[in-house]
Amino acid sequence: MTDADDIRPRHDDPAQAPAQAPAPDLAPAPGTRAALKTIPAYKPGLPPTSRPGVTAYKMSSNENPFPPLPGVLERAHAAADGANRYPDMFCTRLAQRLADDLGVPTDDVIIGTGSSGVLMQTVLATCEEGDEVVYAWRSFEAYPIMVGITGARSVQVPVDQRGRHDLTAMAEAMGPRTRLALVCTPNNPTGPVVAHQEVLDFLRAVPDHVLVVIDEAYVEFIRDPAAARGLDLYRSHPNVMVLRTFSKAYGLAGLRVGYGVAHAPVSTAIRKTAVPFGVSTVAQEAALASLDERPALLARVEELVVERGRLVAALREQGWRPPETQANFVWLATGARTEEIAAELSAQGLSVRPFAGEGIRCSVDVPDANAALVAALRAFAPGR
């Protein structure tokens with residue numbers, strides 16, 4: 001089996017592998033918790049290296065390569081005139097609009113600073129020291145950070161050889177202290193979705209007191225008809241919550257606004273953990289304006305989905321075997337050469353997200369960026 005065949009993390013004990021190397025073994029800073037010594041720091045995607053004569057592309061953060069949708073910046077600029085005032089802490093208009101669009105009770109909608117902000121609120125609302133959170137690994141690298149902040153323990157269940165969740169193993173990994181299960185679909189950074197029937201089977205094995213979070217940050221890019229439908233699962237199961245964001249498909253990553261949908265009293269508890277006034281008026285208005293531009297959104301997303309297909313096909317023609325991605329990124333198992341390849345791509349003006357010893361995640365970008373990526377990766381293709 002080659003690195004291209006197997007995307008699983010290479011750790012002696014992958015179920016307990018940290019997201020990255022732990023912080024140095026230093027004494028806690030004055031007034032800080034000792035637990036922070038073992039929590040990895042989040043590593044954002046780096047910008048590309050600028051070189052004369054080379055067009056640089058940032059493909060490291062799964063951002064939308066296009067600017068905000070038509071009319072959004074105008075609404076945002078107008079909202080900025082009121083920056084001397086606090087925003088609506090409960091994001092009332094945005095919550096009501098989302099509730100109407102999704103067909104859910106307004107009280108079930110939680111607005112936060114991106115879907116990751118809502119997830120951090122959720123972990124704080126449900127977990128304390130000694131509790132457990134079960135999730136696939138490798139998955140979103142913020143998961144172990146959020147869990148560790150509360151003093152809870154991560155129970156990481158390895159993804160399979162094709163980067164997919166093993167929901168049966170996740171159910172078996174649950175114990176009496178399990179409070180949360182996180183299901184990232186499409187999975188970041190590997191790309192596959194979980195099937196709707198798989199989640200239904202999983203939920204039958206999950207205790208009622210465990211909150212199952214369906215993390216759908218990339219839901220707009222899904223084209224697989226068998227993929228899990230988070231809102232349907234939420235409607236049929238009181239212990240299911242859905243996360244979504246305006247950062248990816250909507251192109252508002254810099255404004256930090258996302259949402260969750262959960263049944264009361266879960267939603268009520270989650271709102272209690274919010275940083276007051278965390279979502280700005282500018283972000284709220286930009287999100288509302290974006291919801292008014294659904295036809296333009298769908299056209300933009302379809303353009304990226306088409307580019308995704310072209311990129312994956314070109315990489316497979318070179319000999320790469322990326323998992324079946326339903327997101328706006330692709331995963332390449334580069335194993336021990338990961339950092340070498342990422343460094344060479346950076347030297348050519350292409351920033352990607354490396355995970356040392358495992359692989360690299362590459363965002364789907366505009367055609368010229370994708371073509372440049374394929375050309376740069378040719379020298380490292382399996383079998384060369």
Side-chain angles (χ1 to χ4, degrees), residues 19 98 102 104 108-128 131-150 152-157 159 164-167 169-171 173-174 177-188 192-196 198-219 222 227-245 247-248 258-274 327:
L98 287 168
L102 301 175
V104 302
D108 287 8
V109 178
I110 309 122
I111 311 295
T113 53
S115 57
S116 57
V118 180
L119 179 58
M120 184 72 254
Q121 292 178 232
T122 303
V123 178
L124 289 170
T126 57
C127 295
E128 56 190 2
D131 289 337
E132 294 180 347
V133 180
V134 175
Y135 53 88
W137 197 253
R138 180 171 285 278
S139 194
F140 183 33
E141 67 177 304
Y143 290 166
I145 300 171
M146 295 177 182
V147 173
I149 286 172
T150 68
R153 173 177 172 267
S154 287
V155 179
Q156 299 176 343
V157 178
V159 294
R164 301 181 70 255
H165 282 57
D166 184 342
L167 292 180
M170 285 177 61
M174 294 184 182
R177 294 304 300 269
T178 303
R179 294 292 176 267
L180 278 178
L182 310 178
V183 179
C184 187
T185 180
N187 186 48
N188 176 14
V193 293
V194 295
H196 193 77
E198 286 181 306
V199 186
L200 288 173
D201 295 341
F202 173 68
L203 288 169
R204 280 193 284 270
V206 173
D208 291 341
H209 70 272
V210 174
L211 180 65
V212 177
V213 177
I214 310 295
D215 187 345
E216 293 186 326
Y218 302 93
V219 66
I222 296 174
R229 301 182 299 277
L231 286 173
D232 288 349
L233 295 165
Y234 141 84
R235 290 187 176 97
S236 60
H237 293 78
N239 64 328
V240 168
M241 174 182 180
V242 176
L243 290 177
R244 292 184 177 179
T245 186
S247 296
K248 308 301 182 183
Y259 61 97
V261 182
H263 296 275
V266 174
S267 59
T268 302
I270 293 171
R271 273 189 285 270
K272 291 181 179 179
T273 63

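Side chains included, hydrogens not; waters and symmetry mates left out as well; all remaining heavy atoms used. Since this is a predicted model, take the numbers as computed values, not measurements.
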Practice prompt. Indicate yes or no: does R244 engage E216 in a salt bridge with an N to O separation below 4.0 Å.
Written response: yes
Worksheet, complete the sentence: Distance col, row T185:OG1 vs L243:CG, nearest 0.5 angstrom, shows 12.5 Å
Fill in: CA sep, side-chain torsions, deciding dist, call: Y143, V133, side chain to side chain contact (heavy atoms under 4.5 Å, CB included)
CA-CA 9 Å; Y143 290 166; V133 180; over 6 Å; no
Practice prompt. Quick one: closest heavy-atom pair of I270 and T122, and the distance?
Written response: CD1-OG1, 3.5 Å
Response to the item:
M170 and Y135 have their tightest heavy-atom pair at CE-CA, 3.9 Å
Is there a donor-acceptor contact under 3.5 Å from the side chain of [X] to the main chain of [Y]?
X    : Y    : result
Q121 : T273 : no
T268 : A264 : no
N187 : P192 : no
D201 : E198 : no

Worksheet entry | Residue pair R179, H209: steps toward the side chain to side chain contact (heavy atoms under 4.5 Å, CB included) verdict | CA-CA 7 Å; R179 294 292 176 267; H209 70 272; 3.8 Å; yes
Worksheet item: For I149 and M120, what are the C-alpha separation, side-chain angles and deciding distance, and is it a side chain to side chain contact (heavy atoms under 4.5 Å, CB included)?
Response: CA-CA 9 Å; I149 286 172; M120 184 72 254; 4.2 Å; yes
Worksheet item: If we only count heavy atoms from C-beta on, is the L231 to V261 side-chain gap below 4.5 Å?
Response: yes
Worksheet entry | Aromatic ring pairing H263/Y234, orientation class (parallel under 30°, perpendicular over 60°, tilted between) | parallel
Item to complete: Evaluate the criterion side chain to side chain contact (heavy atoms under 4.5 Å, CB included) for residue pair Y259 and L102; output intermediate values, then yes/no.
Response: CA-CA 12 Å; Y259 61 97; L102 301 175; 3.8 Å; yes
